[in-house]
Amino acid sequence: QVQLVESGGGLVQAGGSLRLSCVISGSIYNTNTMGWYRQAPGKQRELVASFSRDSSTNYSDSVKGRFTIARDVAKKTMYLHMNSLIPEDTAVYYCNIRASTSPTHRAEDYWGQGTQVTVSS
């Protein structure tokens, strides 16, 4: 069973910073992609930042230059460093991996429970 647990959300003033963490546990055979998504009230979930299979990083235009995705393989933890936060960044943030748990298992998406980030103006 693969589990993802996020932490680090909270209330911050505009211009402030937060660091989100996502601890990944369980038996993973192969990881295709991993990243962070967010969902604001009344909006669809959107990709914020991710690692591709070749470990290259991708960012949405709205966070490029402000957010940084990182990971510590030894700690099985993924991070999202968020700087220069703006009220439009307010959302529930979810970590995600697309992975398989065995050579015969088709890769599927695994999600954390989400962590709320609120940026006040």
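Values reported hereafter were calculated over all heavy atoms of this structure, with side chains retained and with hydrogens, waters and symmetry mates removed. Just so it is clear, the model here is predicted, and its values are computed rather than measured. For this chain, numbers begin at 1 and follow the sequence in order.
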Side-chain H-bond candidate by donor/acceptor type, Ser17 with Asn83, under 3.5 Å: yes

Close side-chain approach of Ser52 to Asn58, heavy-atom, < 4.5 Å: yes

Side-chain (Ser100) to main-chain (Ala107) donor-acceptor, under 3.5 angstrom: no

Side-chain touch Ile97/Asp109, heavy atoms, less than 4.5 angstrom: no

Cluster check Trp111, Val48: I/L/V/M/F/W/Y, side chain < 4.5 angstrom: no

Any donor-acceptor N or O pair under 3.5 Å, side chains Arg98, Ser50: no

Gap separating the OG atom of Ser62 from the CD atom of Glu46, nearest 0.5 angstrom: 5.5 Å

Smallest separation among heavy atoms of Tyr29 and Ser102, with atom names: CB-N, 3.4 Å

Pairwise distance CD(Gln113) to SG(Cys95) - rounded to 0.5 angstrom: 7.5 Å

Inter-residue atom distance Leu4.CG - Met78.CE, 0.5 Å rounding: 6.5 Å

Heavy-atom closest contact (Tyr93 atom, Glu6 atom, distance): O-OE2, 3.8 Å

Modelled atom types, side-chain donor and acceptor of Arg19 and Ser7, under 3.5 Å: no

Polar contact flag, side-chain donor to acceptor under 3.5 angstrom, Thr90-Glu88: no

Where His105 and Ala99 come nearest, the two heavy atoms and their spacing: CE1-O, 4.1 Å

Sub-4.5 Å side-chain heavy-atom contact between Thr118 and Val12: no

Arg45 side chain to Tyr37 side chain, donor-acceptor N/O pair below 3.5 angstrom: no

Phe67 to Tyr59 - nearest heavy-atom pair and separation: O-CE2, 3.2 Å

Shortest non-hydrogen contact from Leu85 toward Met82: CD2-CB, 3.8 Å

Test item: Trp36 side-chain N/O and Leu20 main-chain N/O as donor-acceptor pair under 3.5 Å: no

From OG1 (Thr33) to CG (Asn96), nearest 0.5 Å: 6.0 Å

Which atom of Arg38 lies closest to which atom of Ala91, heavy atoms considered: CB-CB, 3.8 Å

CG on Leu18 to NE2 on His81, rounded to 0.5 Å: 11.5 Å

